[in-house]
S.K.: 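Let me begin by handing over the structure; questions about it come next.
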Amino acid sequence: MATNFDVIVVGAGHAGIEACLATARLGLNTLIVTTNMDRIGYMSCNPSIGGLAKGHMVRELDVLGGEMGKAADVTCIQYKRLNSTRGPAVRGTRVQTDKHKYNQYMTETLLNQKGLKLIQAEVKSLLLENGICGGVVLDDGSKITSQTVVITAGTFLNGVMHIGFKQMSGGRVGDKAAVGLSDQLKEFGFRVQRLKTGTPPRLLKQSIDFSKTEEQFGEKSFYPFSFLSERSFVLPQVACHLTRTTERTHEIIRGNMHKSPLYCGIIEGTGPRYCPSIEDKVTRFEDKGSHQTFLEPEGLDTDLIYLQGISTSLPEESQDEFLKTIPGLENVKVVRYGYAVEYDFIEPTQIWHRLETRPIENLFLAGQINGTSGYEEAAVQGLVAGVNAARKILGKDEFVLGRDEAYIGVLIDDLVTKGTREPYRMFTSRAEHRLILREDNTIDRLYQISSQLGLLSEGAKSQLEALKVQRQDFAHRLKEGRLYPNQETQDKILSIKSTVLNKSISYEELLRRPEVQCAHLEVFRFEVPQDPNVSEAVEIEVKYSGYVKKQLELINQAKKLEELRLDPLLDYALIKGLSTEEREKLNRVKPRTLGQAQRISGVNPSAIQSIMIHLKGNRKLREMTREHSEGRS
């Protein structure tokens, strides 16, 4: 094997996949190193992709040229559109996938990617010289050099698994921990901390009495993540099943809490607030008599059932005891017990928006190493890190998305600006511009950026352009077509339960009425595109145009601060009017813009004014110096 590459990607999880595909598709000779070739894109926890805000990111990733959306579409075994009856800003797509077929799809994609080499090995350390990363050292001592390195180590950095008082080294069952990397980074001066996550038991399907549970079906219509996917299911669709814990379940858990590694002080890392263990739920929500849990199949050809919502690290005997108090699980057999994983992560305020580390040049980090949780959060970071690793080699400007452009931009800006003390999970509530960042307008938001990025094939770009043209054509016809208040029109308007016309109006004006939908326009023999990528997107744009206009005005105001770039060498200790805390935080984060400075926790509006006064004063001083110099000459 060659010992020199353009890019080395460490780890083949969701972040690593998108990173290595991005660099290879941009024409760079790429190596991806994984400790287990059988676990590429493996879903360690819930076998699902998407959800609220997460589904938004998968669509953004797809338009930019990522792979996750296509993989989720072809391996989907249950499709749901969350919050479908609520406003478009908070709707989210979620699919239950066949985890084994997903793994196979991603493995084949990597093996067939031109310019990409895969090896099974463990990276023990980085090749560092004068603060620059130039490759990796493998567990057999061999050295591989590169121009950039992307670390996507997931939960494997010094990973320790906990079941009761038992501790095992590893990032998940069957895979060993990565030891050495985070210790080296710590020695170099990085702030390395611990986080914790967990996973529920896996149950044997035949041992469950599904008659005591409630069937939960997906939707029949399919709105795929990828604009390249067909609007029909590839795999058979299956049901999940709902059941609930009982008071007896909670009694057993409380009685065994002294055996929980989290509650007896063995685990030090902070767990995910929004995906708590069953021990957390029972403790934090004492007034609740039960908690719901979904029995979700891990695939079509497996007997394993994932017990969603019952993450636990209690001993095996305790798990056996409390599981049998849940309706339908009275005779359940556990194939794999739930466990907690504690692992190292790098405090993310030590990286730039391009995901390159500040202390070490040419080293990029993506995924759970930056403090995030979730496959989707990892995947989008992988693409951004991969693109920027490639662009650095190619001598191009950094690729950074704004908070008003994508949820990806919100995610990375939050991490870099605020850091995190717990596993970061994306929510629609984190985005101040969420009305603009909808699932339906992803193509409109990111088409121009994507076309310049270079990850999409010519065929994919043509499809994107065709969708854009169809949307523009439909929107134009809505504006130009008119309805007149004759008897035939009035009768049809009454038939769709809307109010009669007092004057002629355009179809766009009619569609703006809350009770009118695109499908109603067919009553007037108005041709409506059947592709929801066209009709739904335009309908939402029409209905929410007033709100969108106001949000765009706010975005334009905020951009004045975002466009005011700050010198990375600016010493905030020299600025008058800043508190000691503000100086410390600003010097640590080194914000790219005044807008980012404003978002740092603990930096007050008065501090922003002080920075602006300082910048204006320096500008005047430079102008006076230049004028004096020109006068003397």
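Any value given below was found using the heavy atoms of this structure, including those in side chains, with hydrogens, waters and symmetry copies removed.
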S.K.: Would you check if the side chain of Glu356 reaches a backbone N or O of Trp352 as a donor-acceptor pair within less than 3.5 Å?
M.R.: no
S.K.: So does Asp397 have more than 12 non-hydrogen atoms from other groups sitting under 6.0 Å from CG?
M.R.: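 Incorrect, the count does not exceed 12.
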S.K.: Would you call Glu298 and Lys99 a salt bridge, taking side-chain N to carboxylate O under 4.0 Å as the test?
M.R.: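 Yes.
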S.K.: Distance only, no hydrogens: is a donor on one side chain within 3.5 Å (strictly under) of an acceptor on the other, for Asn46 and Tyr306?
M.R.: no
S.K.: Would you say Thr417's side chain and Ile600's backbone share a donor-acceptor pair under 3.5 angstrom?
M.R.: no
S.K.: Could you tell me if Gln381 and Asn370 have a donor-acceptor pair between their side chains, going purely by distance under 3.5 Å?
M.R.: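 The criterion, which ignores hydrogens and geometry beyond distance, is satisfied for Gln381 and Asn370.
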S.K.: Donor-acceptor pair, distance only, cut-off 3.5 Å: does the side chain of Ser313 make one with the backbone of Gly164?
M.R.: no
S.K.: Quick one: pull up OG1 in Thr34 and CG in Leu118 and give me the separation to the nearest 0.5 Å.
M.R.: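 If I round to the nearest 0.5 Å, the distance is 8.0 Å.
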S.K.: With distance as the sole criterion, is a donor-acceptor pair present between the side chains of Glu398 and Asn388 under 3.5 Å?
M.R.: no
S.K.: At what distance, to the nearest 0.5 angstrom, does CG of Leu157 lie from CD1 of Ile151?
M.R.: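 Output value for this atom pair is 7.5 Å.
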S.K.: Taking Arg403 first and then Asp413, would you say they form a salt bridge - that is, a charged N and a carboxylate O separated by under 4.0 Å?
M.R.: yes
S.K.: So Thr357 and Phe364, do their side chains get closer than 4.5 Å, heavy atoms only?
M.R.: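 Result no, sub-4.5 Å side-chain heavy-atom pair not found.
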S.K.: Can you tell which of Lys54, His14, Met57 makes a side chain to side chain contact (heavy atoms under 4.5 Å, CB included) with Val380?
M.R.: Met57
S.K.: Taking atom NZ of Lys117 as the centre, does the number of heavy atoms from other residues, nucleotides or ligands within less than 6.0 Å exceed 12?
M.R.: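 Atom NZ in Lys117 is not crowded, with 12 or fewer foreign heavy atoms closer than 6.0 Å.
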